Amino acid sequence: MAIVGFFSSFPIVLQGLAAMGADAAQSASGLMLAAVSMGVTAIVLSVWFRTPISVAWSTPGAALLAVSAAPQGGFSEAIGAFIVAAVLCIIAGMWRPIARFAAAIPVALAQAMLAGVLLPICLAPFRALPDIPQFIIPIFVVWLIAGQIKKLAAVPAAVMVTAVLTWMSGGGLDVAATGILTAPVLISPSFSVASAISIGIPLFIVTMATQNIPGIAIIRSFNYSPPPGPLFATVGTASLITAPFGAFSTCLAAITSAMCADPDAHPDRDQRYHAAVMAGVFYCIFGIFAGLVTAFAALAPPMVVASLAGLALVNVLAGSTQAALSAPADREAAIVTLLITASGISIFDIGAPVWGLLIGGAVYLIRRGGRIG
């Protein structure tokens, strides 16, 4: 479970942090604290509620960062936006109207915004194909074959092939900036209204709509019933504590929660929380060596890590697109949201995801006569 959770999405996290202006040491710190945060939080919540509660970093949130313009104030301003998103998550856990607001965003629009964020990332391997076919073709073939055998093995298998190809391409592994054992890097946050609106609020919305709320639904589908408020407040607090070290968002998991809560984890449902606890332990171990992972990613030729991130998100893109377009009455609004988000426009320093939601939401309300739902 921990292998799937970490190695299937760490390239996206590195892409997102780099897009926000993080250097190698800051990226390693952010990856480490994100992994340790979700590990410790999973252990705390699972033991607290005796429930298999798996925690993750927000993969859709990382994808959002990867396609967002870097703040004018650099990575420190991005940290300020991460803090805004964390505070909103804490408020959502303590004050129900905020959680209801996030849940009230039409599913079609939330999923369309996510699809629009993912589309440019998922195009990366195909754009890189003419320049580095010696990397892209074997990575794609292994991803395809491994996914045919076991879907969850596709990305870890592609990561392994990428590591082998990178090592064979020559060049020494430079861990001078990151260290083999990662050291946290404290970054003083700075705040701006533009970054709060363009990064902080969309990060909160996409994390709530695609991670926290579905995560609660998955846990409940296995007949566990922890209260949502404390869960939201706890992952929000974890995000707030780790944000100054470069970690962008800690949230509830969906896929790995299902793996922990499944009877395969333990025949006795009252003992399945141990699976989430052990996954949390391994997340922490992986986080300690995040510097090594970051250094190895830096060794790869340009566009390789971005291509790996794109392949890792193909299934997420397919699912979000299907969910966005499933209701015929909402397809027009969803497509508008998707296209505006994917366009990458920025108006008044407000990014495309916000404009996608606003304009798509206007189309949604007009087509439904002002009614939501």
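Keep in mind the model is a prediction, meaning the values are calculated, not measured.
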Exercise. Minimum heavy-atom separation for Ala146 to Ala154, with atom names?
Worked result: CB-CA, 3.9 Å

Exercise. With a 4.0 Å cut-off, would you call Arg367 and Asp330 a salt bridge?
Worked result: no

Seminar exercise, completed: Leu325 and Ala334 have their tightest heavy-atom pair at CD2-CB, 4.1 Å

Exercise. Can you tell if the side chain of Met94 reaches within under 4.5 Å of the side chain of Phe232, non-hydrogen atoms only?
Worked result: no

For this session: Check whether any side-chain heavy atom of Gln111 lies under 4.5 Å from a side-chain heavy atom of Leu338, and answer yes or no.
Result: no

Exercise. Is it the case that Ser198 and Ser195 place a side-chain donor and acceptor less than 3.5 Å from each other?
Worked result: no

Exercise. Is the side chain of Thr51 donor-acceptor paired with the backbone N or O of Phe49 at a distance under 3.5 Å, no angle test?
Worked result: yes

Problem set entry | Modelled atom types, side-chain donor and acceptor of Ser190 and Ser76, under 3.5 Å | yes

For this session: Indicate, with yes or no, if Ile285 and Val277 share a hydrophobic cluster defined by side-chain heavy-atom contacts under 4.5 Å among Ile, Leu, Val, Met, Phe, Trp and Tyr.
Result: yes

For this session: Measure the shortest side-chain to side-chain distance between Met303 and Ile132 over non-hydrogen atoms and say whether it is less than 4.5 angstrom.
Result: yes

Exercise. Nearest heavy-atom pair of Gly236 and Ile90: which atoms, and what distance?
Worked result: C-CG1, 3.5 Å

For this session: Kindly say whether His266 contributes a backbone atom to a donor-acceptor pair with the side chain of Arg272 at under 3.5 angstrom?
Result: yes

For this session: Could you tell me whether a side-chain N or O of Arg220 sits under 3.5 Å from a main-chain N or O of Ser225, the two making a donor and an acceptor?
Result: no

Exercise. Only one of Tyr283, Trp57, Phe289 clears ring pair (Phe, Tyr, Trp, His ring centres under 6.0 Å) with Phe6; which?
Worked result: Trp57

Exercise. Can you list the steps and then say if Leu231 with Leu252 is a side chain to side chain contact (heavy atoms under 4.5 Å, CB included)?
Worked result: CA-CA 8 Å; Leu231 300 190; Leu252 300 178; 4.1 Å; yes

Problem set entry | Distance-only polar pair, side chains of Thr41 and Thr250, donor-acceptor under 3.5 Å | no

For this session: Would you indicate whether Gln72, at its atom CD, is surrounded by more than 12 heavy atoms from other residues, nucleotides or ligands within a distance under 6.0 Å?
Result: no

Exercise. Any side-chain donor-acceptor pair under 3.5 Å between Thr207 and Ser58?
Worked result: yes

